[in-house]
Engineer: 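Just dropping this structure here.
Labels below follow one simple rule: chain letters A, B, ... track the order of the sequence lines, proteins then strands, and each chain is numbered from 1.
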Amino acid sequence: VRLGVSCDWTRERFTLDEGLSRAVRHVFVTLYDEGLIYRALAMINWCPRCRTAISEIEVDHRERTGKIYLIEYPMAIEGTSLTVATTRPETMLGDTAVAVHPEDPRYKDLIGRDVTLPLTGRTIPIVGDAILVDPEFGTGVVKITPAHDKNDYEAGQRNGLPQIQVIGEDGRMTAAAGERFAGLDRFEARELVLEELNASGLLREVKEHLHAVAYCGKCDTIVEPMISRQWFVKIEPLAGPAIEVVRNGSVTISPQSWESTYFNWMENIHDWCISRQLWWGHRIPAFYCDCGEVVVSEEDAPVCAKCGKDNLRQDSDVLDTWFSSALWPFSTMGWPEQTRDYKTFYPTDTLVTGFDILFFWVARMIMMGIRFTGKPPFSKVFLNGLVRDEFGQKMSKSKGNVIDPLEAVDELGADPVRFTFAILTSGRDIPLAKSRMQGYAAFANKIWNASRFSMMHIETELRSSKPIERDELRMVERWIFSRVNAATNEVNRALSNFRFDEAANAIYRFFWHEFCDWYIEMAKPVLLGKYGTEDDQRRARAVLLDVLDRSLRLLHPFMPFITEELWQKLGGVEPSIMVAPYPIGEEVLDDPEAERLMGIVQEMITTVRNVRVERGFTHSDRFRLVIQADRERDAAFYASNSYLLVELARLSEVVINEKASADAHRDVVGGVPIAIEFPEKVLTEEQIARISRDIEGLEKELAGIEGRLSNEQFIERAPSSVVEGAKSRKTEILSRLATLRQNLVVSSA
RNA sequence: GCGGGGUUAGCUCAGUGGUAGAGCGUCUGCUUUACACGCAGAGGGUCGGGGGUUCGAUCCCCUCACCCCGCACCA
């Protein structure tokens with residue numbers, strides 16, 4: 001809100017609202033009836049701290065250098081032994097077999113025999129399992145703990161092994177782990193196991209080992225794989241159509257590189273464990289009857305379908321929060337009723353969110369949306385990057401590099417903060433920097449001051465006065481219209497591609513470096529009544545207002561507060577800039593001739609300023625500028641606009657097509673020769689060196705161009721525009737070289 | 001291991017098959033009557049290394065190195 005987000009707060013919704021809860025129950029029951037939701041005993045990820053099952057994507061895998069232990073399991077008969085490798089020694093208490101590869105010549109004859117499980121004395125079999133065992137890894141012998149490892153669980157199923165649960169839901173060892181271990185925390189148990197193994201000489205070796213450890217995404221506790229009865233969504237039938245809509249383009253993901261990530265995940269998707277042993281959430285609408293019947297129903301208190309009893313016990317588990325979130329686009333609209341809201345607002349257009357919830361939320365909304373409404377919930381997804389600090393590091397309290405946006409808003413204002421986010425959003429992570437925000441606070445200030453200046457010269461009634469006659473415009477006015485139109489086109493194009501950085505940059509560049517730095521300065525002589533007629537002045541005011549108005553509207557989404565404030569002061573037609581039409585490009589404003597001529601004027605001004613500094617003249621020294629215009633039309637243009645050069649380049653006089661004094665500084669700008677008549681004849685060493693450097697650079701470039709132009713294949717194969725470009729550049733370099741050399745000759749005379 | 005992204009100016013990042021850009025920072029001038037949160041000017045890059053395609057590669061292809069991020073993992 002403080003950043004200027006405009007929402008319809010009457011539509012605020014919470015996933016536990018009654019309407020949304022009904023949608024959740026309806027979806028659950030429907031999927032259950034279709035067999036897409038099932039309850040099963042399976043290996044799941046258990047967080048011993050949260051005391052709940054969590055889904056695959058809530059588990060974070062992190063690389064850790066831990067230890068791997070080689071443990072000797074004595075053979076029952078021969079007095080020999082097998083050595084297994086493990087990173088989790090405490091789980092050996094629940095081992096029900098050891099496995100070897102059935103083709104491994106070292107061990108294959110042992111399959112079917114037994115080993116004694118140390119510390120417990122239990123006898124467990126040696127089995128052959130080609131899937132579980134990689135003979136190249138470790139010792140080629142694997143201990144199997146079907147109750148506490150996903151791969152071991154599957155191997156256990158394949159080999160008909162019993163499961164012994166030695167770690168409980170609280171992360172402590174169970175009675176099945178044996179008296180000495182029962183009640184110990186799983187990590188304390190690990191130490192004791194190692195101690196005892198060491199004491200009996202069975203711990204053969206301890207090595208450093210890099211492996212991934214699974215952590216709970218919410219609380220960072222190490223996850224425990226466990227066998228547990230949970231509810232699941234059979235996800236593949238839902239994933240298929242969700243893959244298809246992205247593949248056929250009915251849903252696009254920007255930046256596009258995320259599409260492959262999406263496919264990669266969706267094509268290897270696992271069934272979704274949706275039950276949670278928490279008290280907060282949507283209760284699972286499953287009811288159990290004493291007679292053993294399970295009733296899944298949308299009703300609050302269903303009766304048993306089999307025996308008719310009405311005192312059923314509801315499942316105590318709740319649903320994963322993402323289950324209800326997946327329904328958000330339509331559950332918030334009153335679905336499953338065909339409400340007016342639902343028909344009006346579903347599906348929507350664009351979803352903007354963080355890439356970190358692409359799987360948690362976006363993918364699931366697409367799957368559920370298609371399944372229950374027949375349409376994907378949106379056609380465009382824009383994923384913004386993670387906000388990082390100015391060096392690209394993740395923000396964290398411990399690093400002390402956190403920038404709180406709200407504090408920044410207090411300090412600098414909402415507009416600069418908002419603009420900074422926009423201009424940094426290129427599609428990757430956002431390296432947020434205080435200096436950046438300060439820079440755009442300066443921009444806000446610039447907007448304020450430019451508007452203040454404009455308002456000094458604008459009369460309010462201009463708003464309603466007759467439209468500007470294009471035929472009457474001066475070249476500089478045609479130019480600024482052409483430029484504001486180019487900026488408008490660029491902003492619109494960038495926004496439609498979700499390139500907020502390009503859009504913000506385009507408006508920043510235009511407003512500051514074209515409108516303020518050039519146009520306002522060029523308009524001043526007329527606005528201040530120094531040049532031109534009263535008509536000229538009136539028209540200049542109207543143009544100023546028009547361009548400022550377009551700029552503010554263009555800027556409004558990026559800086560809502562300041563633009564609204566200024567708009568109100570300017571007295572807009574609409575009640576708020578929020579409802580004023582957003583500018584779109586108008587071809588009639590494009591003006592290549594104005595851009596060409598004004599480009600040359602600007603370059604002339606820059607050249608004079610530049611040479612002024614190089615020659616050590618001050619701000620107030622004035623010189624005469626001689627322009628050699630080769631076309632009559634251009635000559636007329638320079639003549640009628642010479643005041644621009646006089647004012648902005650601080651000249652005494654501009655003359656066209658006259659002979660310049662022999663010792664004038666000569667240059668060529670946009671093909672137009674100019675001469676600046678400085679009062680001094682002799683250049684300093686430094687100035688000569690400077691000119692020589694320029695000459696050297698041009699000669700080098702010339703050599704390159706000549707090399708290309710003398711290459712027949714270049715002439716033949718390169719597009720003619722490129723060849724022509726090279727030729728004209730050559731001409732320009734030659735004339736610039738000639739004039740620069742002349743400057744040197746004069747100086748040595 | 002599989003997949004994706006990155007390596008461009010001191011810092012953070014845009015960018016294009018045809019003479020390298022921005023913001024901030026740096027340096028030098030300037031009380032020019034909207035703005036010193038400013039104006040004007042300047043300096044600064046073998047576009048990660050190597051090879052290839054091309055008339056021409058920072059851009060396309062291959063390869064190597066390093067850095068991120070997913071996913072899957074060898075107990």
Engineer: May I have the distance from Q256(A) (atom CD) to rG5(B) (atom C1'), rounded to whole angstrom?
Structural biologist: 14 Å
Engineer: Would you call R247(A)-E259(A) a salt bridge at under 4.0 Å N-O?
Structural biologist: no
Engineer: For rG48(B) versus rU58(B), give the span between their C1' atoms, rounded off to a whole number of Å.
Structural biologist: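 It comes out at 12 Å once rounded to the nearest Å.
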Engineer: With respect to the side chain of H513(A), which nucleotide from rG23(B), rA14(B), rC39(B) is positioned closest?
Structural biologist: rG23(B)
Engineer: Using a heavy-atom cut-off of 4.0 Å across all strands, would you classify K730(A) as base, sugar-phosphate, or nothing?
Structural biologist: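 Nothing, no heavy atom under 4.0 Å.
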Engineer: What nucleic acid atoms does I715(A) come within less than 4.0 Å of, heavy atoms only: base, sugar-phosphate, or nothing?
Structural biologist: nothing
Engineer: Within the structure shown, what part of the strands sits under 4.0 Å from D134(A) by heavy-atom distance: base, sugar-phosphate, or nothing?
Structural biologist: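 Base contact.
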Engineer: Find the runs of at least 3 consecutive base pairs, i with j, i+1 with j-1 and so on, that include RNA chain B, using Watson-Crick or G-U wobble geometry with both distances under 3.5 Å.
Structural biologist: B:1-7 with B:65-71, B:10-13 with B:21-24, B:26-30 with B:38-42, B:48-52 with B:60-64
Engineer: Taking the side chain of M456(A) as its heavy atoms from C-beta onward, which of rA34(B), rA22(B), rA75(B) lies nearest to it?
Structural biologist: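 Between rA34(B), rA22(B), rA75(B), the one nearest the side chain of M456(A) would be rA34(B).
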Engineer: Does the Lys NZ or Arg CZ of R483(A) fall within the cation-pi geometry relative to F515(A) - under 6.0 Å from the ring centre and within 45° of the axis?
Structural biologist: no
Engineer: Mind checking if L132(A) touches a base, just sugar-phosphate, or nothing, with heavy atoms under 4.0 Å?
Structural biologist: base
Engineer: RNA chain B: Y508(A) or V613(A), which has the more 5' nearest nucleotide?
Structural biologist: Y508(A)
Engineer: Provide, to the nearest angstrom, the distance between the NE2 atom belonging to H61(A) and the C1' atom belonging to rC2(B).
Structural biologist: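 Atom NE2 in H61(A) sits about 15 Å away from atom C1' in rC2(B).
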Engineer: Could you check whether the rings of F355(A) and W258(A) sit parallel, tilted or perpendicular, using 30° and 60° as the cut-offs?
Structural biologist: parallel
Engineer: Does E696(A) have more than 12 heavy atoms from other residues, nucleotides or ligands lying within 6.0 Å of its CD?
Structural biologist: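 Not buried by this count: 12 neighbours or fewer within 6.0 Å.
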